[in-house]
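See below for the structure under consideration.
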Number of protein chains: 2
Amino acid sequence: MLCHPTCLRQPPNAGRRGAVPDRAMWQNRAVRQWCRAATCERSPSGGDPVASLRDVAARANVSFQTVSKVLNGKGAVAPATRQRIIEAAEDIGYIPNALARSLQSRSSLTLGVITVDFSNATPALSLVGIEREARQHGLSVILSSLEPDGSDCVRYLRVLMERRVDGIIMNAPAAEEDEEVGRLLRAGPPAVSLHDIAGGGVPLVTAEPEATAALPIRHLIALGHRRIGVVTGLQQRHSAQHRTAVYREVLAEHGLPYDPLLVEDGSWEVEGGYAATHRLLDRASGITAIYVQNDLMAVGVLNALHERGLSVPGDCSVVGCDDHPVAARTIPPLTTVRMPFADAGAAAVRLLLERIASTSPKDVVLPVSMVYRASTASAPASRAARN
Amino acid sequence: MLCHPTCLRQPPNAGRRGAVPDRAMWQNRAVRQWCRAATCERSPSGGDPVASLRDVAARANVSFQTVSKVLNGKGAVAPATRQRIIEAAEDIGYIPNALARSLQSRSSLTLGVITVDFSNATPALSLVGIEREARQHGLSVILSSLEPDGSDCVRYLRVLMERRVDGIIMNAPAAEEDEEVGRLLRAGPPAVSLHDIAGGGVPLVTAEPEATAALPIRHLIALGHRRIGVVTGLQQRHSAQHRTAVYREVLAEHGLPYDPLLVEDGSWEVEGGYAATHRLLDRASGITAIYVQNDLMAVGVLNALHERGLSVPGDCSVVGCDDHPVAARTIPPLTTVRMPFADAGAAAVRLLLERIASTSPKDVVLPVSMVYRASTASAPASRAARN
DNA sequence: CTGTTAGCGCATTCAC
DNA sequence: GTGAATGCGCTAACAG
């Protein structure tokens, strides 16, 4: 029931192909021949004339509607005719035109994704999850990636609407405050998002926001750390803001003071983490642990610490976030929070399918978990690390 | 002239929108209202009835053909009529149907990409480059990513053909030996590839294959290293094979022997690099440098070396490949070869556009360059590292 | 069982 | 200047 409406007549996960035996038969050969429609004399101007239903019909001496029936396994057709048609389709190298089909069926079997630049592993993982899940439901993915400033999101939304996508998945933190985007997503085709949408009204897939920050902070506090530095992601982003807020709350829960001097923006990037760490240690003393809001920045943090001759975790513990593939082999291997990026992508597709099925589904919250490795240890006896 | 045929009437980089003033005028408002076609009484069964040219026409008291003209800035239309039509389009929230347009124009302004799983940064970078360049040419990207085994590439090709993409970009090393894929790409819609295609006949975009391996090896030899270990990518891949072959050649050029014991498969992954290094050092002695065929594996290599108490570059130098974002902040920062992934993606799109313009264009070869950082140094005086 | 009639939404050609 | 006719390739409903 998670399947796209127009898929419903077919077995799940079969997409559009393979479901109908006849179709499976002819398409294997057909696919090898793109425009070998030699029997197709009508060649409108320049472009490759690709075989159409009519061409198949002509070759099989039937009307093209009958061909349509056979190739879609719909109405009843005489076995002999059916056979002729299938052979004709194979011979001619017929490949159905999804555009025309969509025009008629009012469903493009296509899903639009608007994503933050995915050079970084984490959005890429979500995208991989989306694409895989979509594919398994027989949906194609149209990809639009945003420039860092997140402007022209509205333009891409429009393109997706023009292409009549059946649904939209947003993975664009840069657009989370854009009211116009919010309006469009509420008024346009069904949508779900991996990040907040201004004005709400769009189903969300998130990873336990509280735990994501609370787990690592509690871990550090349990190890005896009292002055915990924070290297944040872009501070405009809700997720970064929220994680920092949770950091404050957990500190408060344990009766620890909040010191704004301990918080620095690392902008999600390796170099940002590196620079933020130096700034942090230059101006604040007594830091024995650093909470880094993603693993990429943590790589920079480890490097900066190393440059300063501080050992990890001896002098300073480090906790990351994401469980990026490199986290397992940094020096030392990074204690971090495992985030379910690929799962979130897949969940988003399923949620979108529910949304398309006209219900107004509930948000999905995915669990996160700690991965304990070697970058964290008890706070050093002397409470002030040398820095 | 690098622009897609159907773009030619419009200024480059304008895509389909913004080129025609009139169009720019009405689409701003129109985009805010998806199915607000309240004036549209015909509601065929269930789906959202979206406003069409006819609806706009009805509201403006003209024929829909005239609306088409105005909205595309084609034929001459009376200013008053034009104005009425534009307002009607705005009011009604008209959004053109790209499917119908493509059906008619025989060009979907769409480009299919078949890519290896892009969880890793390098294929993701190429994809980002492709998407950005495509977008700037007004083309949408349909994304299909392959499972690691690279099977069912043929299936995805077929889907792209059904969707009548204007061209295909392959970034699928896993399919480089697949004859069927080669045949399809030669017979089907215009295609270019970032990796070899079985049987050739498809324009290629590559990064100087010789230099990619020769540069780092020469660097190490110049530093006095004579026993240079190699951690390769998946050895089935042409690129891995070729880099290893070049390694041999450069060795030979310098009169150094080739020792197969010095070569280990790291399968492109962090953990692979880690494991390969341990295997290498367990069985071969005297290694003072390791050539790693990508930076991700190099992270694992550095970790393994560190585990064994070997200092980098004191005991053992390490050279990577790619200039992955983390390479600048590994411990120590990694000397590596900078690969132009994003550029390659962009170049592939431009090459594809040439290819579509019916010429049979030449392959593109992009330059690579060394990035010298701290992981390489002169070979230690005692020729055998302790391991 | 098969072919006919009717669109889907749009662009193009040609009358008026 | 404008609209009527035609067709893109396909699916759906009904007629024969």
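In this structure, a donor-acceptor pair under 3.5 Å is present between the side chains of A/R163 and B/S140.
Between B/T81 and D/dT2 there is a side-chain polar atom (N or O) within less than 4.0 angstrom of OP1 or OP2. For D/dT11, one of the phosphate oxygens OP1 or OP2 lies less than 4.0 angstrom from a side-chain nitrogen or oxygen of A/S68. Look at B/N97 and you won't find any side-chain N or O under 4.0 angstrom from OP1 or OP2 of C/dC8.
When the C1' atom of C/dC8 is taken as reference, atom CG of B/L53 falls 13 Å away, rounded to whole Å. Put simply, CD1 on A/I85 is 13 Å from P on C/dC1, counting in whole angstrom units. Atom CG of A/N61 is separated from atom P of C/dT2 by 12 Å (rounded to the nearest Å). The distance between atom CZ of A/R164 and atom C1' of C/dC8, rounded to the nearest whole Å, is 11 Å. One interatomic measurement links the two molecules: CD1 of B/I95 to P of C/dC10, which rounds to 11 Å at whole-angstrom precision. The distance between atom NZ of B/K69 and atom P of C/dT13, rounded to the nearest whole Å, is 11 Å. Counting to the nearest Å, the C1' atom of C/dC8 and the CZ atom of B/R54 are 10 Å from each other. One atom, NZ of A/K74, and another, C1' of C/dG3, lie 18 Å apart when rounded to the nearest Å.
By the 4.0 Å N-to-carboxylate-O rule, B/R84 lies too far from B/E87 to be salt-bridged with it. Between A/R350 and A/E354 there is no salt bridge, since none of the side-chain N atoms of the basic residue sits less than 4.0 Å from a carboxylate O of the acidic one.
Map B/A100 and B/V62 each onto its nearest nucleotide of DNA chain D; the residue landing nearer the 5' end is B/V62.
Residue A/A76 is in base contact, counting any heavy-atom pair closer than 4.0 Å across all strands shown.
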Discussion item. Please determine whether salt bridge (charged side-chain N to carboxylate O under 4.0 Å, His left out) holds for the pair A/R183 and A/E179, giving the CA-CA distance in whole Å, both sets of side-chain angles, and the decisive distance to 0.1 Å.
Written reply: CA-CA 6 Å; A/R183 269 193 298 277; A/E179 301 284 352; 5.1 Å; no
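Residue A/Q104 places no side-chain atom within donor-acceptor reach of the base of D/dG9, judged by atom type and a 3.5 Å distance cut-off alone.
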